[in-house]
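Everything below concerns the one structure shown next.
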Amino acid sequence: NPTTNLIYVPNASNNTVSVINGATNVVSATIGVGGGPNAVSINSLTNLVYVTNANDSTVSVINGVTNLVSATIPVGSYPAGLAVNLGTNLIYVANTSNSTGVSIIDGRSNLVTATVPIAGNPTGVAVNSKTNVIYVSNVSANSVTVISGTSNLVSATSPVGSYPTGVAVNPGTNTSYVANTRGNTVSVVSGTTNLVTATIPVATYPSAIAVNPQTNLIYVVSSDGTVSVINGATNLVTATVPVPGFPTGIAVNSKTNTIY
C-alpha cells in the first residue's frame, strides 16, 4: 500500500498474511486468513486488502487500519491472481478452474456481481484503471484475455508465450507485460491494438511481474533466484538482481521506488 507504506505477504503454508512496515522493514502483524492464501491486491483509497485463498475458494478482506478480516467472500474454484480497479472499486479474481472464469467483486457490498467465463485456466490479473480494461493470463491457452470493465465482456484475446502466469500493466503507456513461465520470456502487449509488440528474453521460469509507472521499469521474478529489470522505453533487460531462496511474488511501491 503506497499510501501507508505497508507490505502484505501471503503465507500459503500457515494460512496467514504478514504485514511489513516499509519504514522499518519489520513484520508488524500477522493476520489469519483462509486456506492456502496465494495473492494479494490492495485498494489504497479504501485501505482494504484482498487475499485469494486457493484451498477455500474464497477472498478474505482485511481492514488495513485494524488488521482484522472484515469479510470472507466465496468466489470460483481455486482463485489465484486478483487485482483492484481503483476507479470503480471492483475486484477481479482469476479462478484457475476453467468452469468459473473471473469473479467480479463489488468493493462496497463485498458481493460477487458478475462472472466472466474464460477457458484456459486463468491465473494472473491486472487492471488498467485509466482505460477500465482488465487483463487475464491463461496458462493452458498461452493467451491473455482482455475484458471491458464497462460491459464485463471479453473484447479480445491476445496470443502470448508459453504458460503465461504473471501480468502487470503500465497505465501511463497503456502497455501490459506478461511473464511466460515455460518460454523464459516476457510478452509486451499494446493496450491500443491488443497485439504483442515485443518479446523479451529473461531468466529461467519467470512467474511474477510488477511495473513502476513512475520510472517505466518492469520487474520480473524468476525461479532461478533473480529479478530481471526491464526498461519499458527500450524493452531491454538493464539489470539482473540476485535474490535469496525461491522467489515467487513481487510488488512495487512507486512512491518510495522500492521493490519487494
Side-chain angles (χ1 to χ4, degrees), residues 1-75 78-86 89-94 103 105-110 123-127 129 165-169 207-214 219-221 225 227 241 243-260:
N1 187 332
T3 302
T4 61
N5 197 17
L6 296 176
I7 302 93
Y8 298 86
V9 184
N11 307 302
S13 61
N14 64 2
N15 304 332
T16 62
V17 170
S18 298
V19 184
I20 300 171
N21 185 318
T24 63
N25 290 328
V26 172
V27 174
S28 57
T30 302
I31 305 164
V33 290
N38 62 1
V40 175
S41 188
I42 296 164
N43 188 329
S44 57
L45 300 178
T46 61
N47 199 10
L48 294 176
V49 182
Y50 298 88
V51 185
T52 52
N53 304 304
N55 298 343
D56 291 352
S57 297
T58 62
V59 169
S60 296
V61 184
I62 299 171
N63 183 313
V65 176
T66 64
N67 287 331
L68 297 175
V69 173
S70 57
T72 301
I73 306 166
V75 290
Y78 206 86
L82 79 168
V84 174
N85 188 331
L86 295 178
N89 196 15
L90 297 177
I91 302 93
Y92 296 84
V93 184
S103 301
I105 299 170
D106 186 325
R108 292 169 291 273
S109 65
N110 289 329
T123 301
V125 185
V127 171
S129 295
T165 49
V167 58
V169 174
S207 57
I209 191 164
V211 173
N212 186 335
Q214 301 299 322
Y219 300 87
V220 187
V221 162
V227 175
V241 183
V243 292
F246 189 85
T248 56
I250 192 163
V252 172
N253 185 332
S254 58
K255 286 189 175 181
T256 62
N257 196 19
T258 306
I259 299 88
Y260 300 89

| note | side chain to side chain donor-acceptor pair (under 3.5 Å) filter on Asn25, not counting sequence neighbours, yields none

| field | Residues which pass side chain to side chain donor-acceptor pair (under 3.5 Å) with Asn15, listed by chain and number, not counting sequence neighbours | value | none

Nearest-0.5 Å distance that lies between atom [atom1] in [X] and atom [atom2] in [Y]:
{"X": "Ile73", "Y": "Thr52", "atom1": "CD1", "atom2": "OG1", "result": "12.0 Å"}
{"X": "Arg108", "Y": "Leu90", "atom1": "CZ", "atom2": "CG", "result": "6.0 Å"}
{"X": "Asp106", "Y": "Ile91", "atom1": "CG", "atom2": "CD1", "result": "7.5 Å"}
{"X": "Leu48", "Y": "Ser70", "atom1": "CG", "atom2": "OG", "result": "6.0 Å"}
{"X": "Ser109", "Y": "Asn89", "atom1": "OG", "atom2": "CG", "result": "9.0 Å"}
{"X": "Thr165", "Y": "Ile209", "atom1": "OG1", "atom2": "CD1", "result": "8.5 Å"}

Between [X] (side chain only) and [Y] (backbone N and O only), is there a donor and an acceptor less than 3.5 Å apart?
{"X": "Asn11", "Y": "Ser13", "result": "no"}
{"X": "Ser254", "Y": "Gln214", "result": "no"}
{"X": "Ser41", "Y": "Val84", "result": "yes"}
{"X": "Asn53", "Y": "Asp56", "result": "no"}

Test item: [X] and [Y] side chains (from C-beta on) under 4.5 Å apart, heavy atoms:
{"X": "Val17", "Y": "Val49", "value": "no"}
{"X": "Val19", "Y": "Ser28", "value": "yes"}
{"X": "Asn43", "Y": "Leu86", "value": "yes"}
{"X": "Val9", "Y": "Ile20", "value": "yes"}
{"X": "Val211", "Y": "Val252", "value": "no"}

Where [X] and [Y] come nearest, the two heavy atoms and their spacing:
{"X": "Asn253", "Y": "Asn5", "value": "ND2-OD1, 3.3 Å"}
{"X": "Ser103", "Y": "Val75", "value": "OG-CB, 3.8 Å"}
{"X": "Asn110", "Y": "Gly107", "value": "OD1-O, 3.9 Å"}
{"X": "Ile105", "Y": "Val93", "value": "CD1-CG2, 3.9 Å"}
{"X": "Gly225", "Y": "Pro247", "value": "CA-CD, 3.8 Å"}
{"X": "Pro10", "Y": "Val40", "value": "CD-CG2, 3.7 Å"}

| field | Residues, nucleotides or ligands: over 12 heavy atoms within 6.0 Å of Tyr219 OH | value | yes

